[in-house]
Q: 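Once you've had a glance at the structure underneath, I'll fire off some questions.
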Amino acid sequence: MFNESVWNLCKQIPAGRVSTYKELAHALHCKAYRAVGNALNKNPYSPIVPCHRVVKSDGSLSGFAQGQKKKQRMLEKEGIIVEKGKIKLFYNKLYKF
DNA sequence: CGGTTGACCAAGT
DNA sequence: GACTTGGCCAACC
């Protein structure tokens, strides 16, 4: 299923790194950026899949089922600096498949 | 099967 | 930098 693939890719993102919806879609060989967002929104494997490491292509956090605040805290806990809802040194932390 | 809904993207104003 | 537009795609009415 589409969602399963998305979640599976999320699991591959190491701590301290982030990825984008676009990259996930690209890894799936399609342009379903939006569908990816939907899939993560419905993510039932909340702790298992680190979906908080997925952000928009411009480095902003975007949404999060448990609230952006929580998302930011989790990211900063992993060494990622977030400023004004956007990731600092984003290109540096970006993880590509 | 058509219409709506998003945790989207890029380009333009 | 904030907002609008058109395009994009899976999932769900």
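Throughout, protein chains are lettered first and strands after them, A, B, ... in sequence-line order, and every chain is numbered starting at 1.
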Q: If I take atom CG in residue A:Asp58 and atom P in nucleotide C:dG1, what distance separates them, rounded to the nearest angstrom?
A: 10 Å
Q: Would you check if A:Phe97 and A:Leu24 make a side-chain contact, meaning some heavy-atom pair closer than 4.5 Å?
A: yes
Q: When you measure from the side chain of A:Ser57 to the backbone N and O of A:Thr20, does any donor-acceptor pair fall under 3.5 Å?
A: no
Q: Could you tell me the separation between the OH atom of A:Tyr21 and the P atom of B:dA10, rounded to a whole number of Å?
A: 14 Å
Q: Provide, to the nearest angstrom, the distance between the CG atom belonging to A:Leu28 and the P atom belonging to C:dC8.
A: 18 Å
Q: Restricting to nitrogen or oxygen on both sides, can you table the protein-nucleotides 9-13 of chain C pairs closer than 3.5 Å?
A:
unit_1: C:dA11; atom_1: O3'; unit_2: A:Lys42; atom_2: NZ; d: 2.8

Q: Could you state whether A:Leu40 and A:Tyr95 fall into the same hydrophobic cluster, counting links through intermediate Ile, Leu, Val, Met, Phe, Trp or Tyr residues with side-chain heavy atoms under 4.5 angstrom apart?
A: yes
Q: Take atom P in C:dG7 and the same atom in B:dA7, then report the distance between them in whole Å.
A: 22 Å
Q: Grab the CD-C1' distance between A:Glu23 and B:dC9 for me, whole Å please.
A: 13 Å
Q: A:Ser57 side chain N/O closer than 4.0 Å to the phosphate oxygens (OP1, OP2) of B:dC8?
A: no
Q: Among pairs that include at least one residue of residues 88-97 of chain A, which meet salt bridge (Lys or Arg N to Asp or Glu O under 4.0 Å), considering only residues two or more places apart or in two chains?
A: A:Glu83-A:Lys88
Q: Considering residues at least two apart in sequence or located in another chain, which fulfil the ring pair (Phe, Tyr, Trp, His ring centres under 6.0 Å) criterion with A:Tyr45?
A: A:Trp7
Q: Determine: side-chain N/O of A:Thr20 to OP1/OP2 of B:dC8, distance under 4.0 Å, yes or no.
A: no
Q: Can a donor-acceptor pair be found, under 3.5 Å and without considering hydrogens, that links the side chain of A:Lys71 to the backbone of A:Val54?
A: yes
Q: So which one's nearest nucleotide on DNA chain B is more toward 5', A:Lys22 or A:Leu40?
A: A:Leu40
Q: What's the CG-P distance between A:Leu94 and B:dC9, to the nearest Å?
A: 11 Å
